[in-house]
Amino acid sequence: MNIVYKYRGGFLQGEKGYNMILECASLFADDIGTARPVSILTHQKGKPYFDKSKIEFSLSHSENLWACLFSEVPCGMDIQYKKGTGFHRIAKRIFSERELSYFENAEDKREAFYRIWTRTEAFAKCTGDGIFGKRPELVNESGDFNSSVEWEGKTYYLYEFSPETGFAGAVCFQGQCSGIHIEEFQSKEGQY
């Protein structure tokens with residue numbers, strides 16, 4: 001089971017926003033029948049994780065949309081509001097040759113950019129290596145997206161989703177996933 005809780009409105013970032021993550025994690029823990037996580041720590045490269053819990057998570061936010069993915073396997077997620085400008089410079093700096101070719105040959109460059117960008121971020125968050133770390137090609141030799149990639153002896157699966165109109169989203173799982181379920185989050189503790 002994999003759930004994305006999404007929330008529209010004001011929210012706190014960084015450690016100040018941990019209560020919101022823990023509140024959603026409690027809902028997920030109840031759904032899968034496991035203990036609720038009580039604290040969040042960070043790995044050396046900055047990836048957050050739950051202390052003493054089998055629940056994995058990945059957080060993303062863009063504009064005033066907040067989303068958090070929960071799974072029982074290592075996972076990563078990215079959501080992005082599809083702005084109309086500024087992506088050409090980023091594409092040239094971050095994308096591989098194949099990804100850049102896909103982007104430059106696309107009719108809708110904005111759509112192409114966000115398809116690649118969200119997959120890149122989702123993979124980077126899943127592995128914890130960040131977007132500037134080494135990573136596999138996300139576009140294959142035929143110019144299509146890879147639905148799975150082999151990386152450092154592990155298989156990662158990538159899926160696109162639309163969290164809301166005007167937004168792009170992608171998730172990455174270490175090992176195959178059975179899909180994701182998206183739920184609106186309504187805080188019991190009040191607005192964040």
Side-chain angles (χ1 to χ4, degrees), residues 4-17 20-21 42-49 57-69 74-152 154-174 180 182 192:
V4 172
Y5 292 100
K6 67 178 188 171
Y7 173 82
R8 185 170 276 290
F11 53 86
L12 299 172
Q13 296 180 25
E15 291 182 16
K16 294 177 182 176
M20 191 168 172
I21 297 168
T42 54
H43 289 288
Q44 186 177 18
K45 291 184 180 180
K47 180 180 179 176
Y49 67 96
F57 77 98
S58 182
L59 174 69
S60 186
H61 51 79
S62 184
E63 297 295 306
N64 67 344
L65 182 63
W66 177 97
C68 199
L69 167 66
C75 59
M77 177 193 60
D78 187 48
I79 61 168
Q80 292 291 322
Y81 177 70
K82 294 187 242 180
K83 297 176 185 174
T85 61
F87 42 78
H88 287 89
R89 181 179 46 84
I90 296 169
K92 289 179 181 177
R93 191 168 141 223
I94 302 291
F95 294 172
S96 71
E97 283 185 39
R98 277 192 225 156
E99 293 161 355
L100 193 55
S101 177
Y102 174 90
F103 168 73
E104 290 175 345
N105 292 318
E107 275 188 44
D108 186 341
K109 295 208 180 342
R110 182 177 77 158
E111 191 67 29
F113 172 81
Y114 285 107
R115 289 186 76 197
I116 298 169
W117 182 258
T118 55
R119 285 169 169 258
T120 300
E121 284 271 10
F123 179 82
K125 289 179 180 182
C126 187
T127 63
D129 288 332
I131 62 167
F132 295 108
K134 291 184 179 183
R135 63 177 175 86
E137 287 283 348
L138 300 179
V139 173
N140 61 35
E141 293 173 359
S142 301
D144 298 319
F145 283 105
N146 290 318
S147 58
S148 67
V149 292
E150 296 293 323
W151 187 249
E152 297 183 351
K154 298 173 184 162
T155 304
Y156 295 88
Y157 292 86
L158 296 128
Y159 305 90
E160 293 179 17
F161 75 104
S162 179
E164 284 193 5
T165 302
F167 285 80
V171 293
C172 180
F173 296 94
Q174 183 183 315
I180 59 170
I182 301 172
Y192 289 92

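All values reported here derive from a predicted model rather than from experimental measurement. Just so you know, these numbers use all the heavy atoms, side chains as well, and skip hydrogens, waters and symmetry mates.
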task = With side-chain contact (heavy atoms from CB on, under 4.5 Å) as the test, would you mind laying out the steps for Trp117 and Ile94 before giving the verdict?
result = CA-CA 9 Å; Trp117 182 258; Ile94 302 291; 3.9 Å; yes
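- Rounding to the nearest 0.5 Å places OG of Ser147 at 8.0 Å from OH of Tyr157.
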task = Report the C-alpha separation of Ile116 and Phe145 in whole Å, then their side-chain angles, then the decisive distance to 0.1 Å, and conclude whether the side-chain contact (heavy atoms from CB on, under 4.5 Å) test is met.
result = CA-CA 9 Å; Ile116 298 169; Phe145 283 105; 3.7 Å; yes
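- Between Leu138 and Asn146 the shortest side-chain heavy-atom distance does not fall below 4.5 Å.
- Taking the side chain as every heavy atom from C-beta outward, Phe123 and Tyr156 approach each other to under 4.5 Å.
- The distance from the CG atom of Asp78 to the NE2 atom of His61 is 10.0 Å, given to the nearest 0.5 Å.
- Identified under the salt bridge (Lys or Arg N to Asp or Glu O under 4.0 Å) test for residues 86-98, with sequence neighbours left out: Arg98-Glu141.
- Contact between Ser162 and Ile182 at its shortest, heavy atoms only, is O-CD1, 4.4 Å.
- Residues Leu65 and Pro163 have side chains in contact (heavy-atom distance under 4.5 Å, counting atoms from C-beta outward).
- Taking each heavy atom of Thr118 and Tyr114 in turn, the nearest pair found is OG1-O, 2.8 Å.
- Between atom CH2 of residue Trp151 and atom CD of residue Gln174 there is a gap of 13.5 Å, rounded to the nearest 0.5 Å.
- Considering SG of Cys172 and CG of Leu158, their distance stands at 4.0 Å, rounded to 0.5 Å.
- Using a 4.5 Å heavy-atom threshold, the side chains of Ser60 and Lys125 count as touching.
- Pairing each heavy atom of Ala170 with each of Ala122, the nearest pair is O-CB, 3.6 Å.
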inquiry  = For a ring-ring contact (aromatic ring centres under 6.0 Å, His included) check, start with the C-alpha distance between His88 and Phe103, then their side-chain angles and the critical distance, and finish with the verdict.
reply    = CA-CA 9 Å; His88 287 89; Phe103 168 73; 5.3 Å; yes
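- Separating the CD atom in Gln80 from the NZ atom in Lys82 is a distance of 11.5 Å, to the nearest 0.5 Å.
- The two residues Tyr81 and Ser62 have their closest heavy-atom pair at N-OG, 2.8 Å.
- Here the closest heavy-atom approach between residue Met20 and residue Phe11 is recorded as SD-CB, 4.1 Å.
- Annotation: side chain of Tyr102 is not in contact with side chain of Phe95 (no heavy-atom distance under 4.5 Å).
- Heavy atoms only, all atoms of each residue included: Cys75 and Ser58 are closest at O-CB, 3.9 Å.
- Under a cut-off of 6.0 angstrom, the local environment of NZ in Lys83 is sparse, with at most 12 non-hydrogen atoms contributed by other residues, nucleotides or ligands.
- With sequence neighbours excluded, no residue forms a salt bridge (charged side-chain N to carboxylate O under 4.0 Å, His left out) with Glu121.
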message = Set out, in order, the CA-CA distance, both residues' side-chain angles and the distance that settles side-chain contact (heavy atoms from CB on, under 4.5 Å) for Trp66 and Leu12, then state yes or no.
response = CA-CA 10 Å; Trp66 177 97; Leu12 299 172; over 6 Å; no
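- Side-chain contact between Phe113 and Ile90 is present, with at least one heavy-atom pair separated by less than 4.5 Å.
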Give every donor-acceptor pair under 3.5 Å between a side-chain atom in residues 130-137 and any protein atom, sequence neighbours left out.
unit_1	atom_1	unit_2	atom_2	d
Arg135	NH1	Glu99	OE1	3.4
Arg135	NH1	Glu99	OE2	2.8
Arg135	NH2	Glu99	OE1	2.7
Glu137	OE1	Ser96	OG	2.7
Glu137	OE2	Ser96	OG	3.4

